[in-house]
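Basis for what follows: all heavy atoms, side chains included, without hydrogens, waters or symmetry-related copies. Chain letters run A, B, ... following the sequence lines, proteins first, then strands; residues in each count from 1.
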Amino acid sequence: MIFYHFFSNPWAVFALKLAAVFIFFLTAPLFLGYVEHKGLAHMQSRLGPMEAGKFHGWAQLIADGVKFIQKEDIVPDAADRRIFMLAPMIVIIPVSLVFLVIPFGPAAVSCHAPAGAGACGFWGENFDVGIFFVLAISAISVIGMLMAGWASANKFSLIGAIRGAAQLIAYELPLVLAASAVAMQAGTLSLVGIGDAQKAYWFVFPQIARFIIFVIASLAELSRPPFDMPIADSEIIFGHMTEYTGIRFGLFLLSEYAGIVSLSAIAVVLYLGAWHGFFVPWIPGPIWTLAKIGALSFLVIWLRATYPRLREDQLQKMAWKYLIPIALVNILLTMIFKVVF
Amino acid sequence: MTPDEIEAHITEATGAVERSDVVHGEVSVWVPNDKWVEVATHLRDCGRCHFDLPTFLTAVDLEEQGFEVVLHMYSVRRQHHVNVKTQVARDEPRLPTLSGVWNGMNWCERETWELFGIDFTGHPNQVKLLLPVEFEGFPLRKDFLLMTREAKEWPGLKEPAEVEH
Amino acid sequence: MAVTELPTAGMLPGGPGEGVQVVIAGEELPTQEMTLSIGPQHPSTHGVLRVVLTLDGERIDTATPVIGYMHRAFDKLSEARDYRQIIALSNRHDWLSAFGNELGVALATERLMGIEVPERAQWIRMLMAEWNRVLNHLMFLGSFGLELGAMTPMFYAFREREDIQTLMEMATGARMHFTYCRVGGLKEDLPKGFLQYSEVLVKRIRHRLLDYEGLLLGNEIFKKRTVGIGVLPGEVAKSYGVTGPILHASGVAEDSRKTEPYLKYSEVDFDVPVGNHGDSFDRFNVLFHRIEQSLKIIEQVHAKLPAGPIMPGKMPKYLKPPEGWTYVRTENSLGETGYYLVSRGDTKPWRLKMRTPSFHNVSMIPYLLKGVLLPDLIAVLGSVFFVVGDVDR
């Protein structure tokens, strides 16, 4: 009975969901970072962290976080102080907001949410325009990137920031086009709706091209190898993050890993059947979702171990000459199928 | 060409060879200062010599006789070497530049200039290469004392510069 | 200012003479070149090379290498050291091919003094020089990948280097600065088990080279980044005095191991791999195939290594080369390392000029960097294999 009362109070549900999203936002990137440390290490015939926390260095990322907090927060003399300090927040907040709308499981059957709030389930918020919200808000990070690059008063930072902005503009388009094809197929903009619509078959199967486009574009948005020119460490030191230290640098890193998780999650919801599993239907939906997110994130890490970096102009060429036309054709095909069948 | 043939050819073709010898299979020809560029250009362009790879340029301190500038060249096609040498005066060491003949001479001459103080006239960019800009003196001259020796005298054999001091 | 002329007035479509001519009037936005100083502390310069660039956007207008941060006056120092000490001194400047450097000093001194080096010592010297070459090239194979953003080859290269360093340590007692050469021969004979391990290593490394082939040479992105980038014609390379793998990549097969064999290079069979285009990919490819050739030489040394002493029976008590001069050229890992040695009959050389390959290779960088994009700076610098200590001496 007490649970009944608890869940019928919208504020309590709100607080609980907020806490859950926040905890996920903080822990998932840490876990992913650890997997990257260890995974990369083993792919490169080394061990990776082994000391922190005794057992295979499990506490390495926590130790890193503590180190970041302890470090002096240096702002360069020539920097534009306020903007310099603000930039990491601008980068990280949109990434954290994305987690609010990602559905991890199906709608709960016995749900006593107040009327008008929609069915409740394993998600923070079910927007009718969820996919639109996600794509719009994740693009805000680039403003933080530009702010960081400009305010650092460092030429390397500036070059990195401008590369990042150019890259984002080029890759936002294929990303949105690939996603909108899915929205058309599902007939809804709500992420929960899209998840529901994949009960019969995953959206990756009819047209695998758009899934590939989406993954490539997400990699470029995240500036992950092979598209890490904005932070290409051998050319421009660390791009827009060059001048940052301590917790502000930590926030940038956190946002990078949170970004991997969030874009993997979106890809899972849009293409990989969200919480719908196969072969073993008794495994609950959220576990399926998490497993798929993990698999996709691991792919991102794997690519880092395999590929060198492309050049900025080659990247742009790829976006404008190949990805966008293919995405457009894809939308056309989706439209035709939608109308004919 | 064999070392002896090279020696004969250069003497004949340029007519500027003061003396020459062959030691350990290496040909050296000494030319006067004013024929320096002419000889180098000939060695580059002449089909029989075809010295297309300048190996290095340096100098040797001969104390009171001045400096001996050594230019070593190699021909990839003919597979032979030559050392062209010239002597410059100690009080006013000066030599025309070869940076127009081979690109690679640019840095070699900058290095020789800063280490020996030999002025290469016509050099496009004669500034310090290895040493810091504020460095004074020409360290590879024999009268320049090694800095550690300046700080503490060496108990063993003396260098020429130390004997004078 | 890169755009100096107004955009050409284009004709809008509509057939000849009928279109509307578009004239762009007014002043252009003023643009400014950016000066970017890369280094001396920069991750991609292998030490402390500094390159001052003027950039137009991301395109490099001029590039000026600034060197000398590691200058330690080898030439002057060696005038105050005796010949044994110079051997130890010389293997420090190019820290990736220490054995090749000390070999040159020993050869020059021996030639001046007329010392006959025993057969076995010559073969072992060759073996060590070739292992050192592999060690050096592996480093550049790995670091080139790292600079282009592929981090895995670096770790693979270091795994192999670790094995080879263990091997070298068995014989020399050192992992980087071997100081194994002596004037007249070698410090000591090879230890027990050295040749067996060496044979095992040849097989292992040959097998593992396939990994690099897959990771880099066959990688589409790697090719996109390197093919046609930083093209160096053979003539230009020669006029800058460029030697070694970079010259070979430009199609000039000049290798003093072939043209003027020292040690026992005339008795082993190997090829000099050359490139066709002289671009970054060719340079990398040549480096890769040089490893294979070195392994081939090592295998032949295993088969032909004679027994015997490693030092001549009778050596003078003091190393006092007679008055005279000589120039010894050796094909070191990165190109021609030569020693111009002038002796005045003293225990110390009168003048020892060290001709290093990296110095000449780096002097060519401004030519290669003109007009390339900033990201290509990495593809070019990484493929002009140089060690900063070797540049600055």
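Contacts between R111(C) and chain B at a heavy-atom distance below 4.5 Å involve backbone atoms as well as side-chain atoms. The contact between T243(C) and chain B is made entirely by side chain atoms (from C-beta outward), counting heavy-atom distances below 4.5 Å. L112(C) touches chain B through backbone and side chain together, each having a heavy atom under 4.5 Å away. Residue Y367(C) does not touch chain B at all, counting heavy-atom pairs closer than 4.5 Å. Contact of V66(C) with chain B is not made at all, since no heavy-atom distance falls under 4.5 Å.
Between chain C and the options V60(B), N103(B), L140(B), D61(B), heavy-atom pairs under 4.5 Å are most frequent for N103(B). Most heavy-atom pairs under 4.5 Å with chain B, from the set S239(C), P65(C), A237(C): that is S239(C).
Heavy-atom neighbours of chain C within the stretch residues 69-84 of chain B, taken at a separation under 4.5 angstrom, comprise V70(B), H72(B), Y74(B), V76(B), Q79(B), H81(B), N83(B). Using a 4.5 Å heavy-atom cut-off against chain C, the contacting residues of residues 122-133 of chain B are L129(B), L130(B), L131(B).
Within a 6.0 Å radius of CD in E116(C), other residues, nucleotides and ligands contribute 12 heavy atoms or fewer.
Counting heavy atoms from C-beta outward, K238(C) and P54(B) have side chains that stay 4.5 Å or more apart. Here the side chains of F56(B) and Y327(C) are in contact, with some heavy-atom distance below 4.5 Å. Two residues are said to be in side-chain contact when any heavy atoms from C-beta on lie closer than 4.5 Å; S28(B) and W325(C) meet this criterion.
Salt-bridge formation is detected for the pair K353(C)/E111(B): a Lys NZ or Arg NE/NH1/NH2 atom is positioned less than 4.0 Å from an Asp or Glu carboxylate oxygen.
Checked against R355(C) for a side-chain contact (heavy atoms from CB on, under 4.5 Å), the options T58(B), T55(B), L57(B) give a single hit: T55(B).
A cation-pi arrangement is present between K142(B) and W350(C), with the terminal nitrogen or guanidinium carbon under 6.0 Å from the aromatic centre and inside a 45° cone about the axis.
Closest heavy-atom contact between I67(C) and W107(B): CD1-CZ3, 3.6 Å.
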